[in-house]
Number of protein chains: 2
Amino acid sequence: MDVTIYQVAQRAGVSIATVSRALRGTGPVSSKTRQKVLKAVEELNFTPSRLGVSLAEGRHAANGIVFPNLAGPYYTEVLLGYEEVAAELGRSVVILSTKGRPNVREAVKELAGRVDGLVVFGRTAPDDLVAELIGVGMPLVFISREPMAGADTLRSENIESARKLALHLRGHGYTRYAFLGAPYAPGDDISQRWEGVSGVLGERIEPVLTAEYTVESGHEAALRLLRSPNRPQALICSDDEVALGALLAAEELGLAVPDDLAVTGWDDIMAARHARPALTTIRQPMREMGARAARALDELISGVRETCAHLNLATELVIRASCGHHPQEDHK
Amino acid sequence: MDVTIYQVAQRAGVSIATVSRALRGTGPVSSKTRQKVLKAVEELNFTPSRLGVSLAEGRHAANGIVFPNLAGPYYTEVLLGYEEVAAELGRSVVILSTKGRPNVREAVKELAGRVDGLVVFGRTAPDDLVAELIGVGMPLVFISREPMAGADTLRSENIESARKLALHLRGHGYTRYAFLGAPYAPGDDISQRWEGVSGVLGERIEPVLTAEYTVESGHEAALRLLRSPNRPQALICSDDEVALGALLAAEELGLAVPDDLAVTGWDDIMAARHARPALTTIRQPMREMGARAARALDELISGVRETCAHLNLATELVIRASCGHHPQEDHK
DNA sequence: TTGTAGGCGTTATCAA
DNA sequence: TTGATAACGCCTACAA
């Protein structure tokens, strides 16, 4: 049904080898012949089959990315940076969301079969599968995961910025803290954030689990927490969405933020800036992370780089109104 | 380098045809032979090559989606619904963002070569290419675009809900309106929204262009507008992000919303609910749109349905605090 | 029940 | 400068 190289060759009165050469500029072709070929290509509106090309070339010219979900701004921002650079490098992007999927293993394996390399968030892919993929030489870039031999790792700085945040809050004079959205897996971003804040605040901070890292979960957990008689004065939330949920809870309970309660988030998503009070948070370079992942993967695939790289991107403490009053208040 | 079906066949002491049959259950295989084959597959850790399978089957088992960008919540929410259902249907998702890309035509064509069907937002793909794709029988689903013969169309209702919104605002008694983020292309969502509101408000509303549909653009345009002596009393924004920008502008100028100025958005993105005042807006079923697009595309690809469908999803006016005071105020 | 062989659409090697 | 032809990895009539 689709036009093949054979039809072009026939129409141009040459062999398929010549058509291929003429089109890719991969060998000598007389300019007269080239004209004929191009004319035939034009007339038949020929486009080489991706499948044929990939099979022959032994590459897909596509990258994959595995993330837990696309519900919040975080992963989509990373994806944005990733897709942009991948496209620039001539690679299509195949996505895979693992949330709520019954057969993650199979899905990741299937994805791996369609691409030349993979970006994987945290532990969204089973460890043994990951090991297997590394084993067969599949280029891999992890984001926010413990470094692993045979794969690149990319993450943004957590521990130091968590410290900085904790110190800032301590400067406000609070004495009872809660960390909302406690970590589930060792080595992930949340664990590192907890490590940083608890390192500074010690006994004064208590970890509180949320069901997920979402507005609803944050809302629910904060409601519970804030109703307790000895409620915390400051809520350090493990991400902005949880913090937004906490803000809603405070409002419902008639607590003024930041006067009755301080709240902070993480990531600096769009809503953080628009919330009132605007959310104090730690900005992560989400797009840049995606862009870097794409570049790193490209290096691995093209073989420009042999050794694996492990990078820690810098973050920025963004002080707004939700953590307490400051001399020169500005709700930027 | 990768294990092929030949190695499995050799190890199991059978032909490749038998291996294929055993694995796909596509023909008679004695259970003894099957055991041998499965054992060999296991030992060699064989996975059929996607390329080989696709080439032989004549299908990619993948869908594409073309959107302008991934920057705001709108497209990502649709993508979320799309990916979820596509995965459920056993199809991978290949994404393409056209924003800032020099060679959109080529990129879309390339994408089309990797998939069995395509979802296309608005006019992100060139009209003639689209016509060409329809011509060669590529299954196509448009979102928010004028219906076209040979392709499905999906959009959410705009005109009627725009009317409803305008009527509600008129009920607040405003007399000078501006529509922030005027339409660029006839037939797109924004045009329909303008059609709806201007139909009700007539001369009392003025269209105002923004550079883009972003917070920054909205902010900038609103600043300009609100500084004018005869500034509007109500800003109907063409989407939530523009509206958020307008809220920031109002705050900067010391205008209280909704007392000095009413502001409304469109889409009901996450930040709309968290902004203060919370944004009155029109909720679009973004995820459902993506999910439906995936289903529609599947029907077209599998040939279950021959005729093209054109669907208009219902929307919902969400009244919050930013459009004016109401008897029973609730900042849900 | 199993194997042989042709086809899917390219690329690239090697002769001519 | 060009053309056969062998991969690439799989599926599936058709024959045995």
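These values consider heavy atoms only, across backbone and side chains, with no hydrogens, waters or symmetry-generated copies. In the text below, chain A, chain B and the rest are named by the order of the sequence lines, each starting its count at 1. Because the structure is a prediction, the values reported are computed rather than measured.
With rounding to whole Å, A/K36 atom NZ is found 13 Å from D/dG3 atom C1'. Per the geometry, CD1 belonging to B/I5 stands 11 Å off P belonging to D/dT12, to the nearest Å. Taking atom CG on B/L51 and atom C1' on D/dA7, their separation rounds to 14 Å, with Å as the unit. In this structure, CD of A/E57 is placed 14 Å from C1' of D/dA7, rounded to the nearest angstrom. When the P atom of D/dC8 is taken as reference, atom CZ of A/R50 falls 19 Å away, rounded to whole Å. Atom pair B/D2:CG and D/dC8:C1' shows a separation of 12 Å (rounding to whole Å applied). For the pair B/L55 CG and D/dC8 C1', the computed distance is 9 Å after rounding to whole Å. We find that CD of A/Q10 is positioned 15 Å from P of C/dG9, with the value rounded to whole Å.
The side chain of B/R24 places an N or O atom within less than 4.0 Å of a non-bridging phosphate oxygen (OP1 or OP2) of D/dC11.
Considering only the side chain of B/V53, D/dC11 comes nearest among D/dT12, C/dT10, D/dC11.
Ring pair B/F121/B/F67 is perpendicular by interplanar angle, where above 60° counts as perpendicular and below 30° as parallel.
The residues A/K39 and A/E43 are annotated as salt-bridged, a charged nitrogen and a carboxylate oxygen being separated by less than 4.0 angstrom. Ion pairing between a basic and an acidic side chain is recognised when a charged N comes within 4.0 Å of a carboxylate O; B/E299 and B/R295 show no such pairing. The pair B/R155-B/D189 meets the salt-bridge criterion, with a side-chain N (NZ, NE, NH1 or NH2) lying under 4.0 Å from an Asp/Glu carboxylate O. Checked for salt-bridge contact, B/E106 and B/R101 miss the test: no charged N lies under 4.0 Å from a carboxylate O.
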Worked check of salt bridge (Lys or Arg N to Asp or Glu O under 4.0 Å) between B/R50 and A/E110: CA-CA 8 Å; B/R50 229 310 128 199; A/E110 151 85 20; 3.5 Å; yes
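Among the atoms of the strands shown, base atoms are found under 4.0 Å from some heavy atom of B/S20.
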Could I get a table of every N or O pair under 3.5 Å where one atom is in the protein and the other is in nucleotides 1-5 of chain C?
from: C/dT2; atom 1: OP1; to: B/S30; atom 2: OG; distance (Å): 3.1
from: C/dT2; atom 1: OP1; to: B/T33; atom 2: OG1; distance (Å): 2.1
from: C/dT2; atom 1: OP2; to: B/S30; atom 2: N; distance (Å): 2.8
from: C/dT2; atom 1: OP2; to: B/T33; atom 2: OG1; distance (Å): 3.3
from: C/dG3; atom 1: OP2; to: B/S15; atom 2: N; distance (Å): 2.9
from: C/dG3; atom 1: OP2; to: B/S15; atom 2: OG; distance (Å): 3.3
from: C/dG3; atom 1: OP2; to: B/T18; atom 2: OG1; distance (Å): 2.8
from: C/dG3; atom 1: N7; to: B/R21; atom 2: NH2; distance (Å): 2.9
from: C/dG3; atom 1: O6; to: B/R21; atom 2: NH1; distance (Å): 3.0

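Summary of the strand contacts: B/T26 and B/G52 both lie near DNA chain D, and taking for each the nucleotide with the nearest heavy atom, the more 5' one is attributed to B/G52.
The environment of CD in B/Q10 is sparse: at most 12 heavy-atom neighbours from other residues, nucleotides or ligands sit within 6.0 Å.
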